[in-house]
Amino acid sequence: MAYLFTPGPVPVPNFVMEAITKPVIHHRTEAFYHLYAEIQSDLQYLFQTGAFTGTLIGSGTYGVESAIYSLFRPGETVAIIQNGKFSQRWADYSTLTGLKIIPLEKNWGEGISPGEVMNHLQSHPDIAGIVITHCETSTSVCVDLEEITLPLRQHFPDICILVDAITTVGAIPFYMDEWETDCAVVASQKALMNPAGTCAFALSERAVNRLQPTHSSDFRNLYNYYQSGTRHEYPYTAPTQLLYGVGAALKYIRSEGLPAIWNRTHQAAKTFREGVKVLGGEIVAATPSDSLTAFHLPGKDHTAIKKQLAETYDIHLAGGQGPMKGNILRVSHMAGMDVEMMKMVLEKLGELV
């Protein structure tokens with residue numbers, strides 16, 4: 001039996017796989033509209049919002065890039081917190097789309113304080129938006145989103161706040177409305193316990209008002225998804241089988257309750273990090289997310305350990321990326337991972353180090 005502890009993809013439970021294999025239906029029928037309406041409602045619970053919700057075909061990267069493309073116009077000024085592989089990707093893509101970037105750069109693994117954000121932006125009264133990576137999956141560092149967004153909203157009431165919540169929504173506390181964010185994106189292969197290929201998003205009224213039509217064939221433009229989604233329709237050919245899986249996961253999350261899931265994730269993360277320190281390891285991020293842990297074992301060959309865990313115990317961890325390639329390992333605490341599973345990984349890890 002393979003044990004998948006990577007922070008995406010995560011193990012897909014049987015009830016999700018069974019849902020994906022339901023009989024195919026046409027996406028221009030009342031049956032599909034009913035399915036999509038339920039998914040949209042359950043996504044509102046997931047994001048803790050009363051705002052519009054929808055889905056896209058694609059990875060989390062496609063979801064965030066589509067949001068950047070749809071919410072901001074070439075020439076507008078957008079701040080981007082950059083402290084890892086994925087947040088750097090948002091900056092690179094924004095440059096490609098013609099945005100003026102205010103880089104809020106930190107070292108990989110470092111968070112950023114609300115004061116630092118405000119200090120950087122005080123001299124940019126024309127700022128249109130900010131892109132915040134809630135958890136940087138490459139290092140597990142997590143920012144205090146609430147402490148950043150509320151002062152931003154006070155000082156820049158019209159700013160559009162876009163959040164990469166790919167590795168946080170459904171795993172740790174996230175309150176879209178209370179934290180006054182405008183757009184958040186999550187991917188199916190994380191806390192939603194599904195195969196990769198679907199991402200979900202939520203849009204505040206402020207974000208909806210920034211959407212502009214381009215053309216009905218513009219697959220990236222969230223305007224098209226919003227217009228169709230208000231009728232519980234999908235603007236293009238819908239990934240119905242994948243949506244069955246997402247819908248099943250959302251029903252499960254709603255039945256268990258987000259507080260219970262958040263607590264299980266927290267306990268799993270706490271157990272694992274305490275165990276890593278006993279083994280002489282170090283946690284990479286000063287403020288790690290409970291959804292995953294990135295850790296370093298001084299003097300050890302991380303590539304070899306990762307390979308041995310896979311070949312000897314069929315336990316699969318993720319390695320480092322970019323400048324941290326070969327120097328760290330990453331373990332997921334999302335999607336049903338619990339304390340006992342973390343103890344099992346620690347036991348096998350201890351045998352190798």
Side-chain angles (χ1 to χ4, degrees), residues 47-49 51 60-61 63-72 76-95 97 99-122 124 127-187 190 199-204 206-207 210 285-291:
F47 285 105
Q48 291 291 284
T49 185
T61 293
V64 175
E65 290 185 351
S66 295
I68 292 171
Y69 170 81
S70 304
L71 295 173
F72 306 118
E76 286 189 317
T77 300
V78 176
I80 301 182
I81 298 172
Q82 302 168 47
N83 58 355
K85 176 180 178 179
F86 297 98
S87 50
Q88 181 61 53
R89 181 177 291 175
W90 314 145
D92 293 341
Y93 179 76
S94 296
T95 300
T97 61
L99 299 178
K100 296 178 182 177
I101 303 303
I102 303 171
L104 308 182
E105 296 177 304
K106 302 291 288 186
N107 292 328
W108 282 43
E110 289 185 0
I112 191 168
S113 71
E116 289 177 293
V117 175
M118 293 303 302
N119 288 338
H120 273 86
L121 302 188
Q122 290 291 358
H124 297 278
I127 188 169
I130 185 170
V131 181
I132 305 172
T133 299
H134 193 189
C135 167
E136 173 53 70
T137 313
S138 62
T139 64
S140 79
V141 67
C142 190
V143 299
D144 191 330
L145 190 59
E146 179 183 15
E147 291 296 314
I148 291 174
T149 58
L150 295 184
L152 274 175
R153 181 64 64 211
Q154 182 179 359
H155 288 83
F156 303 96
D158 297 324
I159 194 172
C160 184
I161 302 173
L162 166 57
V163 180
D164 163 6
I166 291 170
T167 319
T168 55
V169 162
I172 69 174
F174 188 94
Y175 296 95
M176 179 170 174
D177 288 354
E178 287 185 26
W179 296 349
E180 299 193 39
T181 61
D182 295 305
C183 178
V185 179
V186 68
K190 307 286 186 171
C199 53
F201 61 92
L203 296 172
S204 72
R206 185 181 294 102
R210 288 192 63 86
T287 56
S289 170
D290 281 341
S291 50

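Taking both residues in full, the closest heavy atoms of Cys183 and Leu71 are given as CB-CD1, 3.8 Å, listed atom of the first, atom of the second, then distance. Residues His120 and Glu116 approach most closely at ND1-O, 2.8 Å, considering heavy atoms. The two residues Ile80 and Ala91 have their closest heavy-atom pair at CD1-CA, 3.5 Å.
Checking side-chain atoms of Asn83 against main-chain N and O of Gly111 turns up no donor-acceptor pair under 3.5 Å. Side chain of Ser138 to main chain of Lys85: a donor-acceptor pair is present (N/O by atom type, distance under 3.5 Å, no hydrogens or angles). Glu136 places a side-chain N or O within donor-acceptor distance of the main-chain N or O of Phe86, the cut-off being under 3.5 Å. Checking side-chain atoms of Thr287 against main-chain N and O of Cys142 turns up a donor-acceptor pair under 3.5 Å.
Note that CD1 of Ile102 is 11.5 Å distant from OG of Ser94, once rounded to the nearest 0.5 Å. Within the model, atoms SG of Cys135 and CG of Leu145 stand 11.5 Å from one another, a figure rounded to the nearest 0.5 Å. Taking OH of Tyr69 as the start and OG1 of Thr97 as the end, the distance is 9.5 Å to the nearest 0.5 Å. The line from CG of Asp158 to CD1 of Ile127 is 12.0 Å long, rounded to the nearest 0.5 Å. The line from CZ of Phe156 to CD1 of Ile130 is 9.0 Å long, rounded to the nearest 0.5 Å.
Residues Leu99 and Ile68 meet the side-chain proximity criterion, which asks for heavy atoms closer than 4.5 Å. A heavy-atom distance below 4.5 Å is found between the side chains of Ile112 and Val143. The closest side-chain heavy-atom distance from Met118 to Leu152 is below 4.5 Å. Under the 4.5 Å side-chain criterion, counting only non-hydrogen atoms from C-beta, Met176 is not in contact with Gln48. At a threshold of 4.5 Å between non-hydrogen side-chain atoms, the residues Thr49 and Thr181 do not count as touching. Taking 4.5 Å as the limit, every side-chain heavy atom of Ile81 sits out of range of all side-chain heavy atoms of Ser87.
For Glu65, the side chain to side chain contact (heavy atoms under 4.5 Å, CB included) partners are Thr61, Arg89, Trp90, Tyr93, not counting sequence neighbours. Arg153 is linked by a salt bridge (charged side-chain N to carboxylate O under 4.0 Å, His left out) to Glu180, Asp182, counting only residues two or more places apart in sequence or in another chain. Among residues two or more places apart in sequence or in another chain, the salt bridge (charged side-chain N to carboxylate O under 4.0 Å, His left out) test is passed with Glu76 by Arg210. Remark: Glu178 pairs with no residue by the salt bridge (charged side-chain N to carboxylate O under 4.0 Å, His left out) rule, at least two apart or across chains. The side-chain hydrogen bond (donor to acceptor under 3.5 Å, both in side chains) check on Ser70 picks up nothing, with sequence neighbours excluded.
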- Message: side chain to side chain contact (heavy atoms under 4.5 Å, CB included) for Ile132 and Thr149? Distances and angles first, verdict last.
- Response: CA-CA 9 Å; Ile132 305 172; Thr149 58; 4.3 Å; yes
Give every donor-acceptor pair under 3.5 Å between a side-chain atom in residues 165-175 and any protein atom, sequence neighbours left out.
{"from": "Thr167", "atom 1": "OG1", "to": "Thr137", "atom 2": "OG1", "distance (Å)": "2.6"}
{"from": "Thr168", "atom 1": "OG1", "to": "His134", "atom 2": "ND1", "distance (Å)": "3.0"}
{"from": "Thr168", "atom 1": "OG1", "to": "Ala165", "atom 2": "O", "distance (Å)": "3.3"}

